[in-house]
Amino acid sequence: MMADEPVLYARRFWPRTAVGEIRAQYGDLEAGENAEGSECRVAGRVMSRREHGKATFITLRDGWDDIQLFANVNALGDEVYREFTRLDIGDIVGVDGYVFKTRRGELSVFVEKWVLLSKSVRPLPEKWHGLQDRETRYRQRYADLIANPEVAAQLKTRCAFVSAMRRYLEGQGFIEVETPILQPLHGGAIAKPFVTHHKALDTDLYLRIAPELYLKRLLVGGFDRVFEIGKNFRNEGISLVHNPEFTMMELYWAYVDYNEIMELVEQMIPALAQEVLGTTVITVDENEIELAAPWPRVTIDELLRENLDLSLAEMRANNGAGRRALEERRVQTEPEDDFAALVDRALKHLAWPTLVSPTFAIDYPLELSPLAKRHPDDPQLVERFQPIIAGREIGNAFSELNDPADQRGRFEEQAEKKAQGDEEAHVVDEDYLRALEYGMPPAGGLGIGIDRLVMLFLGVDSIRDVILFPQLRPEEFFR
RNA sequence: GCGGGCAUAGCUUAGCUGGUAGAGCAGGGGACUCUUAAUCCCAAGGUCGAAGGUUCGAAUCCUUCUGCCCGCACCA
């Protein structure tokens with residue numbers, strides 16, 4: 001390299017002072033005042049530049065904190081000052097200087113020395129309107145994060161939320177584990193899986209649709225409070241509320257049933273809101289919603305009676321009556337809908353919209369829940385609940401089925417459905433049954449869709465706004 | 001998967017019933033030593049998403065394709 005060739009990409013600039021610290025330390029400086037002993041080095045991205053001949057202002061962004069740089073020809077000399085004015089918006093620079101406040105009261109760093117740390121050779125989106133184009137925002141999230149600080153703030157809140165949940169659960173004695181994402185059978189949920197192939201084993205593997213069956217194997221193995229926060233993968237449509245990979249928290253707690261899980265949920269959710277948002281009141285669709293416990297419990301049977309004028313037993317006994325009741329309320333049904341599908345439609349389209357404040361919908365029909373324990377009062381029901389907030393399901397939980405014979409029967413019913421062409425039905429997992437045969441302690445389990453809960457907390461409509469890199473069709477140059 | 005909408009410069013956009021594209025910011029040159037959407041002057045930047053078609057003439061009308069957005073279906 002030639003000796004006088006400018007360095008466009010430097011190696012290090014350390015130690016440095018975070019702009020946040022400078023703001024905290026010198027925020028209350030008087031306008032026009034220089035801070036004594038405030039020699040510092042700051043670094044960040046040039047966001048804007050205001051040049052006034054022999055003096056220049058630059059807005060520097062260090063992470064998510066902005067600070068103004070002031071440079072003039074007196075301090076730097078003609079040559080160095082001239083180079084400084086040639087900085088482009090987007091460049092990353094390091095500065096040595098001291099802190100002062102301008103006559104207009106803007107906290108600033110007076111530039112005594114500066115160095116280019118990284119050259120930006122591609123123009124940044126416009127400063128005033130930011131980056132608006134949705135496609136560019138999602139495809140080039142890096143540019144979105146620079147141009148739209150409020151987007152960065154939202155995504156950061158998501159990170160804070162996950163972190164808070166992890167700490168909360170650890171505080172309750174739960175151990176975080178990691179279970180296979182590549183699974184030889186896809187279980188724990190009803191969904192279409194992604195399939196891949198392992199060359200050395202010469203076998204197809206599925207990306208997990210849920211970690212459930214592995215976590216319950218851990219219950220058998222003696223982990224009596226476990227959780228996992230991780231990605232699930234479902235090969236289904238993409239929408240405002242669906243991304244092919246999404247983040248779930250699942251936990252399993254031995255020696256309790258769904259009652260204790262409900263208590264955990266109604267305590268944890270407001271606690272997380274308090275920590276991350278600073279309040280237990282969220283605003284969704286212009287409704288103010290108080291998250292604090294207690295949350296009312298209402299049975300599926302009651303919900304159907306209220307919204308469909310049919311009991312669960314009546315719907316089970318008479319498919320046609322359920323179908324008619326739905327159609328009368330302008331809920332579309334499909335000819336192949338069985339009892340389970342009709343109940344599901346009634347809940348989604350009629351019952352949930354009435355549940356704005358947090359509510360536990362409890363006691364589901366057996367047919368919807370092949371992994372849940374039967375209800376002691378009614379063998380046609382299972383001890384299952386879903387927490388509903390603002391009409392949205394934010395999780396799913398039940399007393400875990402630990403009777404291997406019952407579980408085998410339920411798997412076989414699912415296998416029957418599969419044989420009849422239902423490609424999403426559950427498969428028989430012989431290893432899981434073997435684990436249950438060793439004896440699984442009674443336990444409650446819970447799954448919470450992190451993305452959707454964060455959407456609720458932030459009051460955003462699109463799942464893409466809470467996922468750093470949402471799935472899109474690949475760009476030309478990838479295909 | 002089906003239906004509707006959108007696609008103009010790096011970014012944000014104007015362009016009406018068809019007459020051959022205009023601006024702001026960014027970038028280039030110049031002036032200016034406390035500005036903060038700095039200001040002022042100058043110059044440059046567009047195969048109007050792609051391919052066909054209609055027309056003397058298409059950013060504009062039609063067809064197909066691609067991508068995104070929004071509904072619906074499936075699902076969390």
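Naming: A, B, ... by sequence-line order, numbering from 1 per chain.
Between the P atoms of A58(B) and G67(B), the separation comes to 28 Å (whole Å). Atom name C1', nucleotides U8(B) and U47(B): the rounded distance is 13 Å, in whole Å. Only the C1' atoms considered, G22(B) is 15 Å distant from A44(B), to the nearest whole Å. Nucleotides U17(B) and A73(B) are separated by 40 Å at their C1' atoms, to the nearest Å. Across the P atoms, C25(B) and U39(B) are found 7 Å apart, a figure rounded to whole Å. Rounded to a whole angstrom, the distance from the P atom of C70(B) to that of A26(B) is 31 Å. The same atom, P, is picked in G5(B) and in A9(B); the two are 22 Å apart, to the nearest Å. For G45(B) and U12(B), the C1' atoms lie 16 Å apart once the distance is rounded to whole Å.
Rounded to whole angstrom, the span from the CG atom of D88(A) across to the P atom of G10(B) amounts to 17 Å. Protein atom CD1 of I89(A) is 16 Å distant from nucleotide atom P of G24(B), rounded to whole Å. As rounded to whole Å, 14 Å separates atom C1' of U13(B) from atom CG of L131(A). For K192(A) and G1(B), the NZ to P distance is 12 Å, given to the nearest whole Å. Between the P atom of C68(B) and the CD atom of Q471(A) lies a distance of 10 Å, rounded to the nearest Å. One interatomic measurement links the two molecules: CG of D144(A) to C1' of C11(B), which rounds to 13 Å at whole-angstrom precision. E135(A) has its CD atom 11 Å from the P atom of C11(B), to the nearest Å. Protein atom CG of D465(A) is 9 Å distant from nucleotide atom P of C70(B), rounded to whole Å.
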*How does protein reach along nucleotides 44-51 of chain B, written 5' to 3' as B (base within reach of a heavy atom under 4.0 Å), S (only sugar-phosphate), or - (no contact)?*
--------
*How does protein contact run along nucleotides 30-42 of chain B, one letter per nucleotide 5' to 3', with B for base contact, S for sugar-phosphate only, - for none, heavy atoms under 4.0 Å?*
--BBBBBBB----
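Close to C68(B), at under 4.0 Å from its OP1 or OP2, lies a side-chain N or O of R473(A). The phosphate of C68(B) (OP1 or OP2) has no side-chain N or O of R134(A) nearer than 4.0 angstrom.
The pairing partner recorded for U39(B) is A31(B), the criterion being a Watson-Crick or G-U wobble arrangement whose two distances lie under 3.5 angstrom. Across all strands shown, C62(B) is found opposite G52(B) as a Watson-Crick or G-U wobble partner, with both distances under 3.5 Å. For C25(B), the paired base is G10(B) (Watson-Crick or G-U wobble, both distances below 3.5 Å). Across every strand in view, G71(B) sits in a pair with C2(B) that passes the Watson-Crick or G-U test at under 3.5 angstrom.
A side-chain donor-acceptor contact under 3.5 Å links S48(A) and T59(A). There is no side-chain donor-acceptor pair under 3.5 Å between S118(A) and R45(A). Of the N and O atoms on the side chains of T102(A) and Q68(A), not one donor lies less than 3.5 Å from an acceptor on the other residue.
Counting heavy atoms from C-beta on, the side chains of L308(A) and M315(A) come closer than 4.5 Å. The shortest side-chain heavy-atom distance between M165(A) and F227(A) does not fall under the 4.5 Å cut-off. With contacts defined as side-chain heavy-atom distances shorter than 4.5 Å, the pair L366(A)/V382(A) qualifies.
Looking at heavy-atom distances under 4.0 Å, R139(A) makes contact with sugar-phosphate atoms alone, never a base. Contact annotation for N232(A): no contact, since no heavy-atom pair falls under 4.0 Å across all strands. Using a 4.0 Å heavy-atom distance criterion, R464(A) is classed as a sugar-phosphate-only contact. L240(A) comes within contact range of the sugar-phosphate backbone alone, with a heavy-atom separation under 4.0 Å but no base atom that close. Among the heavy atoms of the strands lying under 4.0 Å from G130(A) are primed sugar atoms or P, OP1, OP2 only; no base atom is included.
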Please tabulate, for the side chains in residues 129-136 of chain A, all donor-acceptor contacts under 3.5 angstrom to protein atoms that are two or more places apart in sequence or on a different chain.
residue : atom : partner : partner atom : Å
H129(A) : ND1  : E126(A) : OE1          : 2.6
H129(A) : ND1  : E126(A) : OE2          : 3.3
Q132(A) : NE2  : H129(A) : O            : 2.3
D133(A) : OD2  : T136(A) : N            : 2.9
D133(A) : OD2  : T136(A) : OG1          : 2.6
R134(A) : NE   : Y138(A) : OH           : 3.2
E135(A) : OE2  : R139(A) : NE           : 3.0
E135(A) : OE2  : R139(A) : NH2          : 3.3

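Non-hydrogen atoms lying under 4.0 Å from RNA chain B are contributed by nothing in residues 145-156 of chain A. Within residues 331-346 of chain A, the residues approached by RNA chain B to less than 4.0 Å at the level of any non-hydrogen atom are R345(A), in residue-number order.
Counting only residues at least two apart or in different chains, side-chain hydrogen bond (donor to acceptor under 3.5 Å, both in side chains) contacts with residues 150-159 of chain A comprise R158(A)-T247(A), R158(A)-D451(A).
Using cut-offs of 30° and 60° for the angle between ring planes, the F385(A) and Y258(A) rings count as tilted.
In terms of the ring pair (Phe, Tyr, Trp, His ring centres under 6.0 Å) criterion, residue partners of F57(A) (sequence neighbours excluded) are, by chain and number, H52(A), F70(A). In terms of the side-chain contact (heavy atoms from CB on, under 4.5 Å) criterion, residue partners of L368(A) (sequence neighbours excluded) are, by chain and number, A340(A), V343(A), D344(A), Y364(A), P365(A), R384(A). For Y26(A), the ring pair (Phe, Tyr, Trp, His ring centres under 6.0 Å) criterion is met by no residue, not counting sequence neighbours. Listed by chain and residue number, nothing satisfies the ring pair (Phe, Tyr, Trp, His ring centres under 6.0 Å) test with F339(A) (two or more places apart in sequence, or in another chain). Residues meeting the side-chain contact (heavy atoms from CB on, under 4.5 Å) test with A164(A), sequence neighbours left out: R167(A), L272(A), E275(A), V276(A). Shown here are the ring pair (Phe, Tyr, Trp, His ring centres under 6.0 Å) partners of W352(A), two or more places apart in sequence or in another chain: there are none.
The 5' end of RNA chain B is approached more closely, in terms of each residue's nearest nucleotide, by S462(A) than by the other of E245(A) and S462(A). Nucleotides of RNA chain B nearest to H349(A) and N243(A) differ in position, and the one nearer the 5' end is that of H349(A).
Note that CG of L350(A) is 11.5 Å distant from CZ of R345(A), once rounded to the nearest 0.5 Å. Note that CD of Q332(A) and CZ of R323(A) are 12.0 Å apart. Values are rounded to the nearest 0.5 Å.
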